[in-house]
Amino acid sequence: MIIEEMTMNEFAAGLERTRTVLIPFGATEEHGPHLPLATDTLHAAAVGRRLSERRPIFIAPPVPYGVCRSTADHPGTLSISTATLRALAIDIVAALYRQGLRNFILLTGHAGGTHTSTLVDAGEELLQCYDDVRVAVLTEYMLAAQEGRGIIETPDDSHAGEIETSRMLHMHPQLVKGSAEREYPDFPVGILVRDKRRYWPNGVWGDPTLATAEKGARLEEAVVDALERLVDRLEEGED
Ligand SMILES: [Zn+2]
């Protein structure tokens, strides 16, 4: 049940079937010289859509902005502040709560550390605000890396590398502009640097040359399987 495609009456009928909603969070962020800026948003929205084909669940409109610290100076990255992201997450959940939803999955396609901990912080606040909600916060990249062991060949593959390129080749091949060289960032440990591109010129973390659409299809399937297990557990309400 994709909320932005539903009518008012369909939404009301959907509440009879489930009180669970997944909110995809993404980013508008460089993804190397070969992947679109919307990569993270597209990933999170795609697995939401796939999940909703398997079971009754609401999928909220994706949030296309995130907190992008280390890529903020790369061309095309549009980063927002942690305060804005936190407020957005809390306001969106409040609006969905008012509509009758009670189980919330904040699924982020962007896995930046500051971004993810901001969503966790918002989730903790929501648990304090509402006695009758259950909240999950997770990065779908984490699921892909975990579930993709045995599929992915690149060690420590992360941003715009083998995983994300494979998934984009599967999902939206027309948006992939060739490939890019293997690269890892070289930031000094513990020091916040002004000129981030100096330490990460091409904005790739991993090896896109090993990406295939077939790996992407298997990864996506594995991510949706893992998400489905998570929703089962959330809805059982043991936690
Ligand atoms: Zn990404």
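Remember, it's 1-based here, ligands and their atoms both numbered in the order they're listed. Position 1 is the first residue of the sequence, and the numbers go up from there.
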Legend entry - Distance under 6.0 Å and angle within 45° of ring axis: R134 vs F104: no
Legend entry - In the protein, N/O/S atoms that are found under 2.8 Å from the Zn ion (ligand 1), waters not counted: H31 NE2, D40 OD1, E164 OE1, E164 OE2
Legend entry - H159 and E30 side chains, donor-acceptor separation under 3.5 Å: yes
Legend entry - Pair L15-L101, side chain to side chain contact (heavy atoms under 4.5 Å, CB included): steps then yes or no: CA-CA 8 Å; L15 286 173; L101 279 310; 4.0 Å; yes
Inset, instruction - Write down the atom of A160, the atom of L35, and the distance for their closest heavy-atom approach. - result: CA-CD1, 4.0 Å
Legend entry - T18 (side chain) donor-acceptor with I57 (main chain) under 3.5 angstrom: no
Inset, instruction - Search all heavy atoms of E181 against all heavy atoms of P208 and return the closest pair with its distance. - result: O-CD, 3.8 Å
